[in-house]
Amino acid sequence: MRARARTQHLVALRAYVAISFAFVGVRILSHPGRLLIGGSNTRDPEFFIWSFAWWPHAIAHWTNPFYTHVIYAPSGVNIAWTATAPGLALAAIPVTVLFGPAVAYNVVALLLPALAAWTAYLLCRHLTRSLWASLVGGFLFGFSSALLQEELWGNLDITGVFLMPLFALAVLRFVQHELDARGLVWRLGVLVAAQIWISTEHAFTTTLVLVLAWLLALWLVPGARTRLREAVMPIVVGYVLAAVIAAPFVAYIVLGLHAGSGFYPARVGVDLLNLVVPTDITGIGGSWFHGLSDRFTATGAYLGLPALVIVGLFAMRARAAGRFLVALFLVCVLIELGSRLFVAGHEVVTLPWRATDVLPLFKDVFPFRFAPFVALAVAVIVALWTAGSRSGTARILLPLLAVVSVVPALWESSFRAFALWHPPRPAFFAQRLYSPCLDGETVTIFPFGQYGDSLLYQGESGFRFRMASDWLQPGTAPGKKAWSSFDDDWVVGQLNGYAMPSVDTLLAFAALHHVGRYVVVRGTDYPTPSELRQMGPTKLVGGVYVTPACGSPPLT
């Protein structure tokens with residue numbers, strides 16, 4: 001039986017990978033190193049392409065990988081306080097070395113939904129022992145709107161949620177006496193450490209949901225109270241072990257705490273109607289409610305009516321453990337709604353999450369990022385209901401409808417959710433014309449920071465040049481201290497705020513940040529070629545203007 005189960009688990013993994021490949025992988029086959037999955041509206045994939053290039057580069061050159069001076073020059077930046085998913089970058093090193101960081105990014109982006117589906121399948125299989133029910137549950141989590149929305153944006157750190165079901169599985173097996181304290185400790189230690197390396201945000205939110213789940217289970221499942229109390233110490237020790245395993249990363253998190261000035265306020269959660277109203281990432285109905293979904297304050301919470309019907313049917317028959325699952329689902333929905341309830345874009349009432357606005361860490365959590373926890377609760381509930389349904393027809397039909405309702409519109413070639421991104425790569429970078437012109441120099445590339453593709457150029461160049469530019473760290477909340485000394489420069493604030501400093505100011509910026517040359521992609525509004533010529537000889541090379549021109553002495 002165990003051999004048969006292992007075979008079925010492997011088949012399930014292959015099936016989920018095949019589904020993910022069918023959704024987006026087929027489209028990148030022609031140009032896997034040029035086309036990128038997601039990010040057509042955000043440029044977020046460049047965070048990870050840069051990171052995938054940085055880690056093998058730093059390791060190969062015996063450079064501190066946790067603090068880099070190749071960007072934010074000359075002060076540098078603490079990698080632990082960036083959303084670059086170092087754990088994924090480390091796992092992808094073989095692909096990065098062989099095929100480049102863009103290909104590595106695409107491979108990881110393709111695999112993450114499939115891995116999330118598979119680990120949810122493993123959790124559901126443990127609970128139900130049913131192959132069909134577990135396959136459905138895995139799909140509803142791994143290919144939920146919560147994950148597809150983040151894949152659309154290119155957020156690998158947020159789509160990297162495949163460890164969440166394993167957290168639940170480890171604690172569940174302990175409560176069921178299948179694991180002893182030692183087994184729970186080392187499993188949680190590894191899981192928490194890995195989650196920290198992938199996403200510190202999800203490490204925090206997963207811990208929060210774990211605490212909430214423990215409290216709800218203690219309240220609603222009387223038969224498990226003794227074992228739940230016994231789990232407290234192994235869980236605490238597991239987190240201590242995780243801190244040891246992830247010690248270098250945790251150390252740089254602590255060292256960077258003084259710079260933690262807060263994200264832009266993001267207390268708004270998802271719109272209540274988004275639970276039942278699809279957006280344009282959904283195939284069936286995605287275009288029917290376009291006018292309504294455009295009013296949503298945040299998206300990614302869509303579950304679909306069939307899944308919600310199953311949740312309702314499950315709740316009506318639920319006993320202790322079932323009531324716990326329903327309660328956890330409702331609590332996670334309440335959190336993802338944020339500080340204020342929005343219905344069709346209209347604010348209705350203040351919600352309990354508002355109380356966390358003044359709490360450290362909590363105040364920087366995006367409520368809509370709890371959508372994956374809601375999706376996982378629904379996936380488990382659907383799997384349990386499917387496995388226990390007495391009606392053969394309903395057991396097949398309703399779960400099938402729940403799956404169909406979240407499938408993206410693959411038949412629409414122009415479907416925005418899965419329109420691949422082809423970032424511009426001027427010949428100066430694509431054909432390596434920058435060498436030896438920029439080798440070892442510090443440059444500033446325009447468009448500046450978040451408005452351009454400088455991270456992509458630097459990562460794909462193998463860090464042949466340093467950059468006096470930002471964008472790896474989040475924006476700083478108004479009235480708060482900047483995250484880094486680089487962002488303390490008022491010129492950086494101007495460049496990030498669409499201002500156009502004078503030529504003298506750019507020269508002063510170059511002197512302060514040791515900038516040797518300015519590189520401006522042709523077609524950029526600022527600085528203009530005439531402004532560049534005021535700073536030195538300027539030449540158009542491979543689609544970019546270089547000032548001072550290659551061969552001329554640098555500004556330094």
Side-chain angles (χ1 to χ4, degrees), residues 116-117 119-130 132-142 144-147 161-178 205-228 231 235 275-276 301-337 370-390 394-395 398-399 402-403 406:
T119 54
Y121 155 85
L122 293 177
L123 174 61
C124 294
R125 188 65 184 271
H126 177 82
L127 287 167
T128 67
R129 309 298 178 184
S130 166
W132 163 244
S134 303
L135 288 171
V136 170
F139 183 94
L140 291 179
F141 177 63
S144 61
S145 291
L147 268 68
V161 296
F162 61 94
L163 298 177
M164 289 179 184
L166 300 182
F167 276 85
L169 184 57
V171 176
L172 176 65
R173 291 185 63 197
F174 177 84
V175 172
Q176 294 176 336
H177 296 273
E178 292 187 15
T205 56
T206 302
T207 301
L208 177 60
V209 172
L210 180 61
V211 171
L212 291 173
W214 184 87
L215 291 172
L216 287 172
L218 198 66
W219 174 36
L220 296 171
V221 190
R225 285 172 182 167
T226 299
R227 197 62 173 167
L228 286 168
I235 290 174
L275 296 172
V276 293
Y302 176 68
L303 300 171
L305 278 174
L308 290 175
V309 167
I310 292 175
V311 171
L313 294 173
F314 179 84
M316 288 190 294
R317 297 187 332 192
R319 295 185 180 179
R323 290 195 295 271
F324 156 73
L325 274 174
V326 174
L328 184 61
F329 160 73
L330 293 174
V331 168
C332 289
V333 168
L334 186 62
I335 294 175
E336 75 170 343
L337 292 174
F370 283 83
F373 297 100
V374 176
L376 181 59
V378 169
V380 171
I381 289 173
V382 170
L384 287 169
W385 181 88
T386 301
S389 176
R390 298 176 183 176
R395 181 175 179 269
L398 267 180
V403 167
V406 298

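Worth saying up front: this structure is predicted, and the values here are computed from it rather than measured.
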Considering all heavy atoms, the nearest A301-L275 contact: O-CD2, 3.5 Å
Would R227 and Q176 count as a side-chain contact (heavy atoms from CB on, under 4.5 Å) if you check the C-alpha gap in whole Å, the side-chain angles of each, and the deciding distance to 0.1 Å? CA-CA 8 Å; R227 197 62 173 167; Q176 294 176 336; over 6 Å; no
Might you point out which heavy atoms bring A307 and V378 nearest each other, and give the distance in Å? CB-CG1, 3.9 Å
If you define the side chain from C-beta out and look only at heavy atoms, does anything of C332 sit under 4.5 Å from F370? no
Do the side chains of L147 and P372 get nearer than 4.5 Å, heavy atoms only? yes
Taking the side chain as everything from C-beta on, heavy atoms only, tell me whether V136 gets closer than 4.5 Å to F139. no
Under the side-chain contact (heavy atoms from CB on, under 4.5 Å) rule, what do V209 and I335 come out as? Steps first, then yes or no, please. CA-CA 10 Å; V209 172; I335 294 175; 5.7 Å; no
How many angstroms lie between OG1 in T206 and CE in M164, if you round to the nearest 0.5 Å? 4.0 Å
Please report the C-alpha distance between L398 and L313 in whole Å, then the side-chain angles of each, then the deciding distance to 0.1 Å, and finally whether the side-chain contact (heavy atoms from CB on, under 4.5 Å) criterion is met. CA-CA 11 Å; L398 267 180; L313 294 173; 4.0 Å; yes
Step by step, work out the side-chain contact (heavy atoms from CB on, under 4.5 Å) result for C124 and V380. CA-CA 6 Å; C124 294; V380 171; 4.2 Å; yes
Closest approach of L303 and A375, non-hydrogen atoms and distance? CD2-CA, 4.4 Å
Taken to the nearest 0.5 Å, the spacing of L216 CG from L212 CG works out to 6.5 Å
Test item: L163 and F167 side chains (from C-beta on) under 4.5 Å apart, heavy atoms: yes
CD/E336 to OG1/T205 distance, rounded to the nearest 0.5 angstrom? 12.5 Å
Return the minimal non-hydrogen interatomic distance between F141 and P165, and the atom names on each side. CE2-CG, 3.8 Å
Flag, side chain of W214 to backbone of L228, donor-acceptor distance under 3.5 Å: yes
Restricting to pairs with a member in residues 216-225, which pass salt bridge (charged side-chain N to carboxylate O under 4.0 Å, His left out), not counting sequence neighbours? none
Within the distance-only criterion (no hydrogens, no angle test), does the side chain of W132 pair as donor or acceptor with the backbone N or O of R395 below 3.5 angstrom? yes
Do you know which two heavy atoms are closest between A168 and L123, and how far apart they sit? CB-CD2, 4.1 Å
Interatomic distance, OG1@T128 vs CG@L384, rounded to 0.5 Å, equals 6.5 Å
Polar side-chain atom of S134 near backbone of R125 as donor-acceptor pair, under 3.5 Å: yes
So how far is it from L172 CG to H126 NE2, rounded to the nearest 0.5 Å? 4.5 Å
Nearest heavy-atom neighbours spanning A116 and T119: O-OG1, 3.1 Å
Working to the nearest 0.5 Å, report the span between OG1 of T386 and CZ of F314. 10.5 Å
